[in-house]
Number of protein chains: 2
Amino acid sequence: MRAADRAVETIQHEMTVFARRARASASRLHPELSLVSYTLLGHLEERDGCRATDLAAHYALDKSTVSRQVTALERAGLVERRPDPADHRVQVLHLTDAGRSILGQVTVSRRAAVGERLAEWSEEDLERFAGYLVRYNSWSRSG
Amino acid sequence: MRAADRAVETIQHEMTVFARRARASASRLHPELSLVSYTLLGHLEERDGCRATDLAAHYALDKSTVSRQVTALERAGLVERRPDPADHRVQVLHLTDAGRSILGQVTVSRRAAVGERLAEWSEEDLERFAGYLVRYNSWSRSG
DNA sequence: CACGATGAGTTGTACTGTGCAACCAGTAGT
DNA sequence: ACTACTGGTTGCACAGTACAACTCATCGTG
């Protein structure tokens with residue numbers, strides 16, 4: 001398992017480089033929406049509403065952190081909390097129209113930036129890369 | 001460019017998920033060495049010494065941030081600054097033995113964690129994934 | 001050679017994101 | 001009803017970060 005070991009090393013190193021750069025590029029690209037806010041909004045859109053606890057679990061964040069982020073997003077008018085009739089402890093988080101709108105803009109500009117970076121890639125490579133990333137990240141969900 | 005577009009979307013999303021989890025797992029895995037410290041030490045080992053400015057550029061960090069990180073690492077005895085005889089503004093950063101040692105330990109534990117996550121992957125997939133990551137991250141260096 | 005421009009690094013300051021612990025409120029099991 | 005659990009908030013402390021202003025060394029040009 002020599003070559004595989006080297007590959008594992010490279011993967012963790014490159015993932016880390018990426019992580020280091022992600023925030024910087026986010027604040028360059030969309031100073032109005034921090035990386036973490038963008039991520040949370042994106043999750044809300046994708047799932048069409050979810051609980052703060054789910055966000056915390058999915059992104060390995062403390063519930064207090066999510067609570068504060070959500071508070072900020074709500075103050076900014078980007079999300080709204082709806083009480084869950086089935087469980088009065090729970091607030092289901094939903095994007096507002098404003099939230100959906102700003103998320104859309106940011107997504108477009110991000111897609112442009114990422115797309116530029118990936119412009120020379122073949123469709124096959126793109127899909128394979130995407131597949132690998134999903135597979136890597138889904139590990140903690142499956143086991 | 002429909003499928004490719006979706007792939008780009010997935011790539012940026014999954015990269016972001018990863019970035020969000022990286023710090024959390026780092027502090028779980030090696031509380032004695034923060035993710036950023038680990039990354040910087042790794043870079044020093046790889047390059048066998050470099051300037052603070054290079055670190056800042058490579059990781060998209062402000063030079064003041066790097067300066068403070070390096071100060072902390074030096075206080076901890078993990079790196080040393082060597083004056084550059086050719087340019088007296090420059091300090092070349094080098095790992096100390098202690099730095100190399102702790103980096104080695106952390107690398108082992110990280111490799112174990114990442115390796116566990118990648119255990120089921122074929123060698124071919126690992127290498128292809130690693131290659132994609134390198135290709136993705138090297139974009140800013142080439143263009 | 002002197003002077004202005006540039007580059008490496010440090011320090012002051014302020015802010016964001018984060019986790020932990022303590023807490024409150026609602027739910028579920030016995 | 002009592003207890004255990006779960007979703008969420010708040011108090012607190014701290015790490016990482018950026019920006020701006022600074023010092024000191026280097027390099028080019030008149």
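- Where P85(A) and V70(B) each meet DNA chain C at their nearest nucleotide, the meeting point lying more 5' is that of V70(B).
- Between the side chain of R21(A) and the main chain of H58(B), a donor-acceptor pair closer than 3.5 Å is present.
- Rounded to an integer number of Å, the gap from CD of Q91(B) to P of dC24(D) is 14 Å.
- When atom types are taken as modelled, the side chain of T107(B) and the backbone of L103(B) share a donor-acceptor pair closer than 3.5 angstrom.
- The CG-C1' distance, from L93(A) to dG8(D), rounds to 11 Å in whole Å.
- Residues satisfying the salt bridge (charged side-chain N to carboxylate O under 4.0 Å, His left out) criterion with E9(A), sequence neighbours excluded, are R111(B).
- Rounded to an integer number of Å, the gap from R89(A) CZ to dC5(D) C1' is 8 Å.
- Rounded to whole angstrom, the span from the CZ atom of R20(A) across to the C1' atom of dG16(D) amounts to 8 Å.
- If you check every strand for non-hydrogen atoms under 4.0 Å, S34(B) touches sugar and phosphate atoms only.
- Counting atom types as modelled, R68(A) pairs a side-chain N or O with a base atom of dG11(D) as donor and acceptor under 3.5 Å.
- Remark: T53(A) is in phosphate contact with dG8(D), judged by side-chain N or O atoms under 4.0 Å from OP1 or OP2.
- For S64(B), no side-chain nitrogen or oxygen approaches OP1 or OP2 of dA20(D) to under 4.0 Å.
- Counting only heavy atoms from C-beta outward, the side chains of I102(B) and E32(B) approach each other to under 4.5 Å.
- The ring-ring contact (aromatic ring centres under 6.0 Å, His included) check on H30(B) picks up Y38(B), with sequence neighbours excluded.
- The CG-C1' distance, from L61(B) to dA15(D), rounds to 13 Å in whole Å.
- Here the C1' atom of nucleotide dT9(D) and the CZ atom of R81(A) are 9 Å apart, to the nearest Å.
- For L55(B) and dG16(D), the CG to P distance is 15 Å, given to the nearest whole Å.
- Remark: the backbone N or O of K63(B) is not paired with any side-chain donor or acceptor of S67(B) at under 3.5 angstrom.
- A nucleotide of DNA chain C counts as in contact with chain A when one of its atoms lies under 4.0 Å from a heavy atom; the first and last such, 5' to 3', are dG17(C) to dT27(C).
- Contacts of D87(B) with the nucleic acid, taken as non-hydrogen atoms under 4.0 Å apart, involve only primed sugar atoms and P, OP1 or OP2.
- Within the structure, every side-chain polar atom (N or O) of Q69(B) is placed at least 4.0 Å from both OP1 and OP2 of dA15(D).
- Of the residues near DNA chain D, R23(B) and A86(B), the one whose nearest nucleotide (by heavy atom distance) lies more toward the 5' end is R23(B).
- Distances shown here put a side-chain N or O of S67(A) below 4.0 Å from the OP1 or OP2 atom of dT9(D).
- Under a 4.0 Å N-O distance rule, the pair R135(A)/D125(B) qualifies as a salt bridge.
- Between A60(A) and H88(A), the residue whose closest nucleotide on DNA chain C is further toward the 5' end is A60(A).
- At least one cation-pi condition fails for R128(A) and Y132(B): the charged atom is not both under 6.0 angstrom from the six-membered ring centre and inside a 45 degree cone around its axis.
- Rounded to whole Å, the distance from NZ on K63(A) to P on dT6(D) is 10 Å.
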